[in-house]
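Counting convention: from 1, in listed order, for ligands and their atoms alike. The figures here come from the full heavy-atom set of this structure, side chains too, leaving out hydrogens, waters and symmetry mates. Throughout, numbering of the chain's residues begins at 1 and tracks the sequence.
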Amino acid sequence: MAEEKEKKGFFKRLKDGLTKTRNNIAESFASVFGASKIDDDFYEELEETFIMADMGYETTEKVIENLKERVKEAKIKDPAACKELIINIIRDQMMVEESAYDFENMKTVVLVIGVNGVGKTTTIGKLAAQYKRAGKRVLIAAADTFRAAAIDQLKTWADRAEVDMISHSEGADPSAVVYDAVAAAKARNTDILLIDTAGRLHNKKNLMDELAKMRRIIGRDYPDAHVESLIVLDGTTGQNALEQARQFSNVTEIDGIVITKLDGTAKGGIAIAIQEELNVPVKFIGIGEKISDLQRFDPSAYVDALFADFDEDRSELDILMGDEIK
Ligand SMILES: Nc1nc2c(ncn2[C@@H]2O[C@H](COP(=O)(O)OP(=O)(O)OP(=O)(O)O)[C@@H](O)[C@H]2O)c(=O)[nH]1
Ligand SMILES: [Mg+2]
């Protein structure tokens, strides 16, 4: 029940966080669904609304094509009836397979990557605390050796989460940190090793080489471990976040996406675009700076928070009734 309450609390905060996005589209949403008939103008206005929420052109087109087909099939005439249809279409497109979280039950090394300032270190802190609380043996590695402050910041999180951290001094070779961390993880029978990395996208070759080197060390020294590479994206940057993810995916494997700062963004549709266009599941979302402000991504709750009726009661009901919600 405590967990249920927490989920509900998270949903409420997610909804609050996405208020700017909702406000951004509320008016045109109302106007679209208040239209008298389903015609080209209706689809055009709908398209504009999605673009306004930063859902991206490609994803918007897909959703609208899908909608057109279903409208035809079901011979729908009333624009208002399209709303539930749209919510379902987006929800279906975003569904994350349960296996996306299998890594949590394996011996895993989680590589957390992403450009500067997106929330990598914070995400690691939150994950560490949650896994620790779930009874797992967790270790953190400070492989962002770029700034001393980065190591200190991670240490603060490690202390807060009550987990150990492996670090070297500023300027050390990140791979050497990974080497030591892997040795420690094996010796301590660690379940989840979380590795913080530096985000230097401005030099693709360096980044690629560094990530490849880390992966090589893990593969060589810890072959039994599953490697989970999570890219962290700042949700407030909208289409930029999508572009970053694209660039990273060109140079390294990505198994999952974390979108942070969804509290207070007017661009909440970006989560939909990212999931759709990259074909990589969004696994976690961050909605604040506290430990409990990171949770598994729940497409159903997310789409509700964005679009559903702007209606408190129905969504609250869904969250209480929905059994797929983790
Ligand atoms: N509001 C909000 N702030 C967040 C969230 N996640 C992270 N932040 C803040 O974003 C800022 C940057 O977070 P970091 O975790 O330091 O980001 P980073 O990717 O490790 O940054 P570098 O180490 O500089 O590359 C911090 O002030 C965090 O508190 C979130 O979900 N919501
Ligand atoms: Mg950091």
| query | Does G199 come within less than 4.0 Å of ligand 1, judged by its heavy atoms? | reply | no

| task | Using distance alone, decide if ligand 1 has a nitrogen or oxygen within less than 3.5 Å of any nitrogen or oxygen in T123. | result | no

| said: Can you tell me how the ring of F284 sits relative to the ring of F103, calling it parallel under 30°, perpendicular over 60° and tilted otherwise? | reply: perpendicular

| query | Can you tell me if Q153 has an N, O or S atom under 2.8 Å away from the Mg ion (ligand 2)? | reply | no

| N or O pair under 3.5 Å between V118 and ligand 1 | yes

| query | Which atoms of ligand 1 are found less than 4.0 Å from any heavy atom of G286? | reply | 31 (O)

| said: With heavy-atom distances below 4.0 Å as the criterion, list the atoms of ligand 1 near Q153. | reply: 14 (P), 15 (O), 16 (O)

| task | Give me the one residue out of E98, E104, E228 that meets salt bridge (Lys or Arg N to Asp or Glu O under 4.0 Å) with K283. | result | E228

| query | Non-hydrogen atoms of K126 versus ligand 1: any pair closer than 4.0 Å? | reply | yes

| field | Protein heavy-atom partner closest to atom 15 (O) of ligand 1 - residue, atom, separation in Å | value | T122 OG1, 2.5 Å

| field | Minimum-distance protein heavy atom relative to atom 29 (O) of ligand 1 | value | E289 OE1, 2.4 Å

| message | salt bridge (Lys or Arg N to Asp or Glu O under 4.0 Å), that's the test. Do K62 and E276 meet it? Break it down for me. | response | CA-CA 9 Å; K62 253 187 217 163; E276 175 64 37; 2.6 Å; yes

| remark: Ranked by distance from atom 1 (N) of ligand 1, the top protein heavy atom is D263 OD2, 2.7 Å

| S229 and D255: CA distance, side-chain angles, deciding distance, side chain to side chain donor-acceptor pair (under 3.5 Å) verdict | CA-CA 5 Å; S229 170; D255 304 300; 4.8 Å; no

| request: Look only at interatomic distance and state if T260 has a nitrogen or oxygen under 3.5 Å from any nitrogen or oxygen of ligand 1. | output: no

| request: State if D293 counts as touching ligand 1 under the rule of any non-hydrogen atom under 4.0 Å. | output: no

| field | Presence of salt bridge, D304 and R91, under 4.0 angstrom | value | yes

| field | Identity and distance of the protein heavy atom lying nearest atom 18 (P) of ligand 1 | value | K120 N, 3.4 Å

| Residue pair K186, D224: steps toward the salt bridge (Lys or Arg N to Asp or Glu O under 4.0 Å) verdict | CA-CA 10 Å; K186 283 186 348 191; D224 299 341; over 6 Å; no

| Yes or no on ring-ring contact (aromatic ring centres under 6.0 Å, His included) for Y302 and F307, after CA distance, side-chain angles and deciding distance? | CA-CA 9 Å; Y302 194 81; F307 301 126; 8.7 Å; no

| field | CD (E61) with more than 12 external heavy atoms under 6.0 Å | value | yes

| query | Which atoms of ligand 1 are found less than 4.0 Å from any heavy atom of D144? | reply | 23 (O)

| note | Quick note on ligand 1: atoms under 4.0 Å from a heavy atom of R147 include exactly 22 (P), 23 (O), 24 (O)

| query | In the protein, what heavy atom is nearest to atom 11 (C) of ligand 1, and what distance, to one decimal place, separates them? | reply | K261 NZ, 4.0 Å

| field | Short side-chain donor-acceptor distance under 3.5 Å, K267 and N24 | value | no

| Crowded around D40 CG? As in, over 12 foreign heavy atoms under 6.0 Å? | no

| note | closest protein heavy atom to atom 30 (C) of ligand 1 is G288 O, 3.2 Å

| task | Decide yes or no for V32 and P79: does some side-chain heavy atom of the first lie under 4.5 Å from some side-chain heavy atom of the second? | result | no

| message | Give me the residue, atom name and distance of the protein heavy atom closest to atom 20 (O) of ligand 1. | response | T121 OG1, 2.8 Å

| How far is atom 17 (O) of ligand 1 from its nearest protein heavy atom, and which residue and atom name does that atom have? | G119 N, 3.0 Å

| Greater than 12 external heavy atoms within 6.0 Å of K20's NZ | no

| Do ligand 1 and G117 have nitrogen or oxygen atoms that lie under 3.5 Å from each other? | yes

| said: Under 4.0 Å, heavy-atom basis, I'd like to know which part of N116 is in contact with ligand 1: side chain, backbone, both or neither. | reply: both

| message | Could you check whether D16 pairs with R13 (Lys NZ or Arg NE/NH1/NH2 to Asp/Glu carboxylate O, under 4.0 Å)? | response | no

